[in-house]
**Student:** 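Structure incoming, see below.
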Amino acid sequence: MTRSRQSFLHGAAVLAFAGLVTRAMALAVQMVMARTMGAQGFGLFQTISPPYFLLVTLATFGLPPAVSKVIAENLAVGDVARARKAWITANAWCAASGLAVVCLAFALSPHLHRFMDPRAIPAFLAMVFRIPIVCLSSVLSGFYMGIQNQTPPALAWIVETTVRAAASVPLMLWMSPWGVRYGALALVIGGGVGELAGYLTMLGAYLLRHRRLLVTPGRSARPAHGVARDLAQVAVPTVLANVLGVIAFAAEPTVMYQAFLEAGVSRREATAMYGAFGMAMELLFMPTVLSGAISSVIVPAISEAKALCDDRLAARRIAQSIHAAMFVALFAAALFIASGEDAATALYRNPTAGHILAYLAPSCLFFYLSDPLFAVLQGLNRAFASTIITFVSSAVRLACIYEFVAAGHQGVRGLASAVAVSGIVSAMLAIFAVRRYHPLDLDLRMSFKMALAAVIAWLPMNGVQHAADQQAPWAQFALCTALGMATYVIAAMYLGLATVDEIARIPVVGRPLARAMRRLPFLGAR
């Protein structure tokens with residue numbers, strides 16, 4: 001058997017590049033939405049996301065990471081037949097569960113007005129039709145993660161976002177004058193068209209090039225029912241953790257509205273504040289495409305290492321994933337502290353979102369570390385630990401929202417504080433859990449150097465804020481981003497965090513960037 005596989009970090013880089021492209025296009029759509037429908041429309045769209053994500057979570061049943069793990073560990077030991085059984089089982093389950101969830105949602109549709117704004121119901125019901133495609137697409141993506149070839153999912157994400165943007169923006173501009181409910185419906189329709197295009201792209205790659213990878217004339221030495229058990233060991237804890245997270249996410253608007261009501265804030269004002277908070281969170285989590293890419297590839301990478309009984313390889317990959325997430329998080333924190341208000345004002349024309357973003361910026365490190373750490377636990381077959389952590393952090397989040405907003409009268413800043421506290425709790429518990437199940441070989445000197453590079457990058461960004469304070473917000477943010485990123489990368493190179501040869505291996509941009517780096521004094525030989 002031959003496989004077109006990629007190294008752990010190369011695969012993460014491919015997904016990260018695709019994630020940056022797709023996030024940029026998605027951000028453009030959000031800009032149009034914010035400027036067309038305002039904070040009210042943004043808040044309305046947020047209210048339909050939690051129940052939709054809950055249905056998707058139930059339908060996929062945590063199978064995407066389970067598929068990637070089971071396929072990776074079986075291919076590592078040469079059991080192709082068993083990997084194929086896992087692939088067929090996951091597809092059959094997701095197809096059946098996706099259709100069942102759609103039927104369940106429409107059976108409950110007469111009662112939806114009790115749980116959500118009536119204006120959001122048409123968009124929610126239209127969104128439900130996307131669930132079967134999302135299920136099949138996520139399992140197919142898990143297959144590619146399992147064979148450690150991230151190029152087809154990356155290409156599919158770019159196609160999906162391109163089609164989504166091309167379909168959503170004209171529809172939203174056409175339908176939103178009739179009301180925010182129609183603007184939200186336009187976004188849902190455009191998103192569905194994009195998801196279908198992305199799935200067909202990935203399916204075409206599978207049928208043309210990769211469907212023979214799991215074909216073998218031999219038979220597995222282990223029984224078929226063991227495949228279901230292997231999938232369930234990852235899927236059940238994952239779906240429990242996801243359900244808890246989505247339930248907490250769905251309960252958040254209810255708790256938030258009640259807390260604001262007790263603080264003397266009307267529901268309409270609370271919706272606008274929640275919309276501004278959502279804009280800030282979108283920007284805060286935009287760089288997580290990089291840490292998210294690491295999370296996607298770390299599950300099969302660690303599963304393969306454990307299947308080969310190579311603890312040193314597993315420890316090295318865990319350390320690589322944590323250090324990579326820290327590298328992204330520290331720069332994001334410096335950028336948002338320096339120019340977060342400019343970013344939100346330029347993109348959303350909402351200064352309140354900018355204040356929230358700058359306030360939350362120091363907590364980036366904890367937010368960005370959580371996903372890779374949870375992925376490590378899944379790869380170590382300890383997914384149930386992430387379920388417990390999700391439950392604890394969700395409870396902390398809801399309790400803090402009520403305490404800070406209702407009792408503390410801190411307004412939208414109290415909402416942001418609650419999210420920050422829950423993120424810190426989640427990351428710290430995840431670190432302790434990983435250390436319990438596998439040794440952590442982290443280089444503290446490297447962490448210190450990353451923090452120093454972030455401080456060095458913050459200095460010119462802060463200088464831009466003072467020197468160009470009369471410029472438009474978008475110009476200030478663009479200058480800060482370009483100057484800060486260049487300073488951060490150069491500082492990282494001189495501090496020994498990466499070599500020029502390592503930079504050259506980055507897909508697409510690596511070689512041109514390495515050629516430029518070799519021209520810097522005292523750096524070309526590194």
Side-chain angles (χ1 to χ4, degrees), residues 23-50 172 176 180 183-184 187 249 252-253 256-257 259-260 263 265-289 329 331-364 366-368 397 400-401 404-405 410-423 461 464-465 469 471-481 484:
R23 278 293 177 94
M25 289 189 285
L27 186 61
V29 175
Q30 290 172 5
M31 288 171 55
V32 177
M33 180 176 72
R35 297 183 180 191
T36 303
M37 298 190 293
Q40 284 282 336
F42 212 104
L44 182 68
F45 193 77
Q46 277 190 289
T47 62
I48 65 175
S49 297
M172 183 170 51
S176 59
V180 292
L187 282 174
F249 185 34
E252 181 179 295
M256 180 270 301
Y257 280 127
F260 274 120
V265 179
S266 69
R267 188 178 185 88
R268 189 177 187 87
E269 291 176 315
T271 300
M273 289 183 183
Y274 195 51
F277 172 76
M279 295 175 189
M281 295 300 290
E282 288 289 341
L283 289 174
L284 184 74
F285 283 101
M286 186 175 181
T288 57
V289 296
F331 174 73
L335 175 63
F336 291 144
I337 289 173
S339 193
E341 295 184 18
D342 293 327
T345 303
L347 298 175
Y348 296 129
R349 295 179 180 173
N350 194 308
T352 302
H355 296 318
I356 299 170
L357 179 60
Y359 179 71
L360 282 172
S363 59
C364 281
F366 302 97
F367 288 129
Y368 294 13
R397 179 170 176 157
C400 287
I401 288 175
F404 295 158
V405 176
Q410 296 181 24
V412 70
R413 177 164 288 200
L415 184 62
S417 298
V419 172
V421 170
S422 68
M461 290 191 289
V464 168
Q465 292 298 308
D469 58 345
Q471 299 295 322
W474 68 267
Q476 286 184 286
F477 180 66
L479 282 172
C480 279
T481 303

**Student:** Do you know which two heavy atoms are closest between V412 and M273, and how far apart they sit?
**Tutor:** CG2-O, 3.9 Å
**Student:** Would you give the length of the straight line joining atom SG of C364 to atom CG of L284, rounded to the nearest 0.5 angstrom?
**Tutor:**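 Nearest 0.5 Å value for the SG-CG distance: 4.5 Å.
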**Student:** Which heavy atom of F367 sits nearest a heavy atom of G423, and at what distance?
**Tutor:**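 Shortest heavy-atom separation between F367 and G423 comes out as CE2-CA, 3.7 Å.
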**Student:** So, for I401 and M256, which heavy atoms are closest and what is the spacing to 0.1 Å?
**Tutor:** CG2-CA, 4.2 Å
**Student:** Is there a side-chain contact (heavy atoms from CB on, under 4.5 Å) between R397 and V421? Walk through the geometry before answering.
**Tutor:** CA-CA 7 Å; R397 179 170 176 157; V421 170; over 6 Å; no
**Student:** Under the ring pair (Phe, Tyr, Trp, His ring centres under 6.0 Å) rule, collect the residues that match up with F336, sequence neighbours excluded.
**Tutor:** none
**Student:** Name all residues meeting the side chain to side chain donor-acceptor pair (under 3.5 Å) criterion together with S422; count only those two or more places apart in sequence or in a different chain, and write none if there are none.
**Tutor:**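 Not a single residue meets the side chain to side chain donor-acceptor pair (under 3.5 Å) criterion with S422.
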**Student:** How long is the gap from CZ on R413 to CZ on F277, to the nearest 0.5 Å?
**Tutor:** 13.0 Å
**Student:** side-chain contact (heavy atoms from CB on, under 4.5 Å) between T345 and F477: does it pass, once the steps are laid out?
**Tutor:** CA-CA 10 Å; T345 303; F477 180 66; over 6 Å; no
**Student:** Enumerate donor-acceptor pairs with a distance under 3.5 Å from any side-chain N or O in residues 353-362 to protein atoms, sequence neighbours excluded.
**Tutor:**
residue : atom : partner : partner atom : Å
H355    : ND1  : E341    : OE2          : 3.1
Y359    : OH   : S417    : OG           : 2.7

**Student:** Could you tell me the separation between the OG atom of S339 and the CE atom of M461, rounded to the nearest 0.5 Å?
**Tutor:**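 Interatomic distance, S339 OG to M461 CE, rounded to 0.5 Å: 8.5 Å.
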